[in-house]
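Computed from a prediction, not measured in an experiment: that's the story for all the values here. When a ligand or atom number is given, it counts from 1 through the structure's own listing order.
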Amino acid sequence: MKQIIVEGQHKLKGTIKICGAKNSAVALLPAAILSDGIVKIDNVPNVSDIDALSEILEYLGAKVKRDGELIEIDSSTIINKEIPESKAKKLRASYYFMGALLGRYKKAELYFPGGCSIGPRPINLHLKGLEALGAKIIEKDNKFTLEAEELKGTRIYLDIASVGATINIMFAAVKAKGTTVIENAAKEPEIVNIATFLNNMGAKISGAGTSSITIEGVEVLGSAFTEVIPDRIEAGTYILAGALIGEELKIDNIIPSHLESLTSKLKEMNVKMTIGIDYIIVSSSNNLRSSSIKTLGYPGFPTDLQQPITALFTQANGNSIVEETIYENRFLNVEYLNKMGADIKIDSNKLYIKGPTKLVGKEVIATDLRAGACLILAGLVAEGKTTVKEVEHILRGYENIVGKLNNVGAKLTIEEY
Ligand code: EPU
């Protein structure tokens, strides 16, 4: 296992370049299966979730070539077969093989996906949507077999605007006969990135980025190129680092409008920021105001930045409140923040944070990806050394986090233990 040791209280100054969005890339790779040609995806982040997906593609027989940030996938050699549990459970996004294989071969066989432990993460809406398109689904011992004689376009209303379900339904619907309409679709920028890629292959999707997406099925999808959009969650995490201990820290290669829910909150809190076309420069303030956030689907405040912003709230003057509405158990970071000196109380899906509190480096555990990011942030402002254990979770979603922070003045080391 690996741990990251953060020596706290070093000012962050310089530029951090943001990479492609993990949550977009993890859907773009499986989307390659739908193409009869060769697809190229650029700006792919170098994170372990991408390695796990490439492994599944190669296991199925696809040819995957990686050259830096560019991935080329030739799916013409795929033999559709069961994706074993050991591979599927490495990450949440393995569920995208359901829609992609079903769309392409009318059959998918795989196990229930893995991912961060942040509360129950059912896939009932994915299944309901794929069933509505014509798939017969058998679930046995955690394994799902989906099969359709024919996929037929239909209207699907999602009870919850689920990112994963919206994308999975798009994957199957692009190859269905007729028109599919997804109502109450998720509106995240990642959905637009994926719909654009599918359209580049020849799909006919309109309305991505709104709550009503229309997909006219086509018979064949061909070669295509796309670029992964900048990772708004990675960007948000480093913006928060700048708000905590930055001195004109530049977060570069971003789409600022994707981060408005965060930046408007930071303005309210008195964080100093300059927002450019594709960058934000941020400095810490010694007079941070407390605030509140409530997690919501896009364009609301992202649940993936809920744990990172909690680290900032510990440094704000007064009482801050966090309300988590997406996941039931995304507060595992709190125990460790309190161990470091924070004053946070949990009351069902809310956190009450009293600030400011002095944080002191301790041994803590990255229980999940964004909890880990929160603890690294806390370590950056804490006195002394913070040892974050089980950082494999962090490496699933943050490319070279140690190098990127050290380049701007932080002191982090990563080691086996
Ligand atoms: N939900 C259901 N049934 C479903 C699907 C979702 O009840 O069939 C519920 C979930 O339990 C959750 C809510 O709907 O309460 C929203 O879940 P959603 O489906 O939108 O999430 P996801 O697609 O599983 C993606 C990201 C998450 C991110 C969420 C929300 C990937 C691989 N994961 O998950 O990313 O938190 O959207 O934006 O894209 C992370 O990066 O740390 C992470 C957890």
K404 vs E399 side-chain heavy atoms within contact, under 4.5 Å: yes
Close side-chain approach of I394 to V388, heavy-atom, < 4.5 Å: yes
I want to confirm something. Looking only at heavy atoms, which of [options] is nearest to [atom]?
atom: atom 41 (O) of ligand 1; options: R396, Q306, R370; value: R370
atom: atom 11 (O) of ligand 1; options: A93, G297, P122; value: P122
atom: atom 25 (C) of ligand 1; options: N124, D49, V163; value: V163

Would you indicate whether [X], at its atom [atom1], is surrounded by more than 12 heavy atoms from other residues, nucleotides or ligands within a distance under 6.0 Å?
X: K152; atom1: NZ; answer: no
X: K143; atom1: NZ; answer: yes
X: K339; atom1: NZ; answer: yes

Identify the protein heavy atom lying closest to [atom], giving its residue, its atom name and the separation to 0.1 Å.
atom: atom 35 (O) of ligand 1; value: N23 ND2, 3.1 Å
atom: atom 15 (O) of ligand 1; value: I326 O, 2.4 Å
atom: atom 19 (O) of ligand 1; value: S162 OG, 2.6 Å
atom: atom 22 (P) of ligand 1; value: Y95 OH, 3.3 Å
atom: atom 9 (C) of ligand 1; value: I160 CD1, 4.0 Å
atom: atom 29 (C) of ligand 1; value: Y327 OH, 3.2 Å

Distance under 4.0 Å to a non-hydrogen atom of [X]: what atoms of ligand 1 satisfy this?
X: R92; value: 24 (O)
X: R330; value: 36 (O), 40 (C), 42 (O), 43 (C), 44 (C)
X: I123; value: 4 (C), 8 (O)
X: G164; value: 19 (O), 23 (O)

With heavy atoms only and a cut-off of under 4.0 Å, state how [X] meets ligand 1: side chain, backbone, both or neither.
X: D304; result: side chain
X: L125; result: both
X: K22; result: side chain

Axial cation check for Y417 ring with K389, 6.0 Å and 45° limits: yes
Spacing of CZ belonging to R121 relative to CZ belonging to F112, to within rounding of 0.5 Å: 9.0 Å
From L412 atom CG to N407 atom CG, the distance as rounded to the nearest 0.5 Å: 11.5 Å
Qualifying side chain to side chain donor-acceptor pair (under 3.5 Å) pairs, either residue in residues 166-183, two or more places apart: H126-N168, E150-K177, R155-E183, E183-S212
Pairs where residues 99-108 contributes a residue and the test side chain to side chain donor-acceptor pair (under 3.5 Å) is met, not counting sequence neighbours: D36-R104
